[in-house]
There are 2 protein chains.
Amino acid sequence: MPTGELDRLDIAILEALQENARTPLSEIGRRVGLSQPATSERVKRLEDRGILAGYTARLDAAALGLGMMAIIRLKTTHEHIKPALKAFAEMPHVIEVHRLTGEDCFLLKVLVPTPGQLETIVDTIARFGAVTTSLVLRSEPVKPLGKALLG
Amino acid sequence: MPTGELDRLDIAILEALQENARTPLSEIGRRVGLSQPATSERVKRLEDRGILAGYTARLDAAALGLGMMAIIRLKTTHEHIKPALKAFAEMPHVIEVHRLTGEDCFLLKVLVPTPGQLETIVDTIARFGAVTTSLVLRSEPVKPLGKALLG
DNA sequence: CACAGATTCCGTTAATTCATCGGAAGTTTG
DNA sequence: CAAACTTCCGATGAATTAACGGAATCTGTG
């Protein structure tokens, strides 16, 4: 069979695990119509295929005192890219780094406890180029990508 | 003690669970120097406090045929905000929605299998205002936010 | 058409992991 | 100083997962 084939059951299992990675396999199996061993085997196969890349805890940033999220865009020149990446890696509040096409070279997602911390980060990054910072007023809950697989 | 206090052990436990939410509690306990029941109790307390908000599977979007990530920014006017949010909720490829301060009102993260799908999404969103789309060339691995808690 | 090989499933059972309990040690409160 | 509280541990029972052997189905081939 081709590598990338997922049937309904696989998708349902992935959805269940994305919603709650601690749902017992017997419970998932019951929902999708499989026994616990069969469900276990499918999960293992999904892991082996690299589709299921791992399991992670969802932390509440606000409850951790990181109540402020910001998006930082950086427009810079080629020679700054490597040093910038290195600097980002060393900033614990920078939780996502994306290299982009278009006007801006990088888009960062940062979580900070205070505006002062954000200022420090922005100042550091501004050494590499032109920075645009936006506060996140509200985020919708991140969507599980089950439905995106059916199209 | 005040609600929001986390000691070294809590942070270590959260880090371990973020790295792999399926690590046995006995193993986590061994690493941080606690028994399995004590570790279990701390995890439960973190859950009750809302700090540990859940557990989720990490899926490999590329392996799922969603190899193209894009960032879409939308600049629009007040009356479009609610309908836009509703529309975003119905688009399975839109996996993150952030409302921003500044020039742009929304920032979206989308995962699509093909450029054609991206075009469809951009066209739909452009009905609400001015759209700026950037392809993501590369993403650094998302950083666990353990170190961000120490400062 | 039959038959080997492969795949995927099930039921059973062993191994692992988790939840619960009673009690000890240390801290805070009155 | 004692009572109440917290957090820990070890032990044990409950739940979950992993590892079988065998049945059913599908695939390709002589």
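Within every chain, numbering begins at 1; the chains are lettered A, B, ... in the order of the sequence lines, protein sequences first and strands thereafter. Excluded from the calculations below are hydrogen atoms, water molecules and symmetry mates; all remaining heavy atoms, backbone and side chain alike, are included.
The closest donor-acceptor contact from the side chain of A:T76 to the backbone of A:F128 lies under 3.5 Å. Side-chain atoms of B:H93 come within 3.5 Å of backbone atoms of B:L111 as a donor-acceptor pair (strictly under, hydrogens ignored). Remark: the backbone N or O of B:V94 is paired with a side-chain donor or acceptor of A:K143 at under 3.5 angstrom.
In this structure, B:I28 atom CD1 and C:dT17 atom P are separated by 12 Å, rounded to whole Å. A:I13 places its CD1 atom 12 Å from the C1' atom of C:dT8, with the value rounded to the nearest Å. Spacing between atom CZ of B:R49 and atom P of D:dT6 amounts to 13 Å, rounded to whole angstrom units. Rounded to a whole Å, the CG atom of A:L17 is 14 Å from the C1' atom of D:dT17. Taking atom OH of residue A:Y55 and atom P of nucleotide D:dT16, one finds them 16 Å apart after rounding to whole Å. One can place CG of B:L25 at 14 Å from P of D:dC8, the figure rounded to the nearest angstrom.
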In 5'-to-3' order, the base (B), backbone-only (S) or no-contact (-) status of each nucleotide in nucleotides 9-16 of chain C, using a 4.0 angstrom heavy-atom cut-off, is BSBB----
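Checking each of A:I71, A:T133, A:V136, A:L118 against A:V110 for a side chain to side chain contact (heavy atoms under 4.5 Å, CB included) leaves exactly one that passes, namely A:L118.
Here A:S40 does not reach the OP1 or OP2 of D:dT17: none of its side-chain N or O atoms lies under 4.0 Å away. OP1 or OP2 of D:dA19 lies within a sub-4.0 Å distance of a side-chain N or O belonging to A:K44.
In this structure, A:D104 does not pair ionically with A:R99, as no charged nitrogen and carboxylate oxygen lie closer than 4.0 Å.
Interatomic distance, B:L107 CG to B:I72 CD1, rounded to the nearest 0.5 Å: 9.0 Å.
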